Amino acid sequence: MMIGYPCSNLTVGCSASRTFRLASFSPERLSETVNASLDCLETILQWNADHGIGFFRISSDTVPFASHPVMTVDWRAEFGSRLAEIGSFVRRHGMRLNCHPGQYILLNAPNEEIVARSIAELDYTAALFDLMGLDHTHKMQIHTGGVYGDKPAAIARFIERYHQLPEPIRRRLVIENDERQFSLADNLAIHEATGIPLLFDVFHHSLHHNGESIGEALDRFMPTWDGHGLPSMDYSSQNPDKQAGAHTVSVRLDDFGSFFEQLGDRDVDIMLEIKDKEASVLAVQRWLASRTAGNPAAVAG
DNA sequence: TCTGGTCAAGGTGGT
DNA sequence: ACCACCTTGACCAGA
């Protein structure tokens, strides 16, 4: 089991998700920005290695505008060797990376142009992993998409488009249950038709489900990962000061503890979607260590 | 140097 | 009809 965090580290003092406005695009600006982001990504991964953190989400802005028509630069050639070095570090340390392309990825949109732009963006993300030399267990997670007033039709369109995806995308793509539209049960139907692994977001599940307990949900999502590495989850909890669905500022160990009880001896990688990032990962690591020390039998295996 | 408005893209629910 | 939210903050113009 590895505990991870997304995109930025608040300790190291740099950002690995630098970008710029579309209007500011130039080849020079691109080089400067991407190289600075990759410098920081190396810093973060080293920091992670030093702190025993093996799971990390890279920003979908690692190469800004990579799938946009403005991109005339051969970014794969320009940054390929740096990405290969980073990938080599990741493999050497037994780390796992993940990426979460944005809300504009809609494989089941009725509009074919939106689908084409979505595939272009996924193609870029898959290329990042390919250039890093990372295998298909390093996943790109997206939401299933829009409902467009007819969920069965939206699911059917997703399945149809999935079968047409280029292999570098298909082997890394996973879908996540969301808090409003596509529940775990909806995604299971898609999994049965496609074999796509399902990334389980336990917080979204608590807000939108079909009556399954957490234990039942875990037992259903985990087998969808056969052959894809350790099943991967997103974890957050409710920010008590904000509207339902808002992520908490810092991990609530009581809430995590009750989740961990339900997890039992199941082995998963857990991405903490929490505002204070690596601080919560360290807090969970300390909690797990103290729990193991206090009750060795409980976490064995 | 600081800050508030704005940023490629779409869908959805709330006002 | 419009705005905020989601992904995750970061850029940038103007003071």
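Note that the structure is a prediction, hence the values are computed from the model and not measured.
Ranking dG9(C), dC11(C), dG13(B) by closeness to the Arg29(A) side chain, first place goes to dC11(C). Out of dA10(C), dG11(B), dT8(C), the shortest distance to the side chain of Ile114(A) is found at dG11(B). Comparing dT8(C), dA8(B), dA10(C) against the side chain of His68(A) picks out dA8(B) as the nearest. Here the nucleotide nearest the side chain of Pro6(A), chosen from dT8(C), dA8(B), dG13(B), is dT8(C). Minimum atom distance to the side chain of Phe65(A) is reached by dA8(B), of the listed dC11(C), dA8(B), dG9(C). Distances were taken from every side-chain heavy atom of Leu106(A) (C-beta onward) to each of dG13(B), dA10(C), dG11(B); the shortest belongs to dG11(B). The side chain of Tyr148(A) lies closest to dG11(B), out of dG11(B), dG9(C), dA8(B). Set against dT8(C), dG9(C), dG13(B), the side chain of Lys275(A) has dG9(C) as its closest nucleotide. Among the nucleotides dT8(C), dA10(C), dC11(C), the one closest to any side-chain atom of Cys7(A) is dT8(C).
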(request) Return one dot-bracket line describing DNA chain B 5' to 3' (Watson-Crick or G-U wobble pairs, both distances under 3.5 Å; ( ) same strand, [ ] crossing, | another strand, . none). (result) |||||||..||||||
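There is a side-chain donor-acceptor pair under 3.5 Å between Thr11(A) and Glu278(A). Counted by atom type alone, Asn210(A) and Ser183(A) present one or more donor-acceptor pairs between their side chains at under 3.5 Å. Looking only at atom types and distance, the side chain of Glu273(A) has no donor-acceptor partner in the side chain of Ser236(A) under 3.5 Å away.
Results of the side chain to side chain contact (heavy atoms under 4.5 Å, CB included) test with Met233(A) over Asp201(A), Leu218(A), Leu199(A) single out Leu218(A) as the only residue that passes.
Val147(A) comes within 4.0 angstrom of the backbone, heavy atoms only, and of no base. Residue contacts for Ser59(A): at a heavy-atom cut-off of 4.0 Å it reaches no nucleic acid atom on any strand shown.
How far CD of Gln181(A) is from NE2 of His208(A): 7.5 Å, rounded to the nearest 0.5 Å.
The interatomic distance linking Leu122(A) (CG) with dA8(B) (C1') rounds to 15 Å, in whole Å.
Across all their heavy atoms, Pro231(A) and Asp267(A) have their closest contact at CD-O, 3.8 Å.
Both thresholds, 5.5 Å between centres and 30° between ring planes, are not jointly met by Tyr104(A) relative to the base of dG10(B), so the two rings are not stacked.
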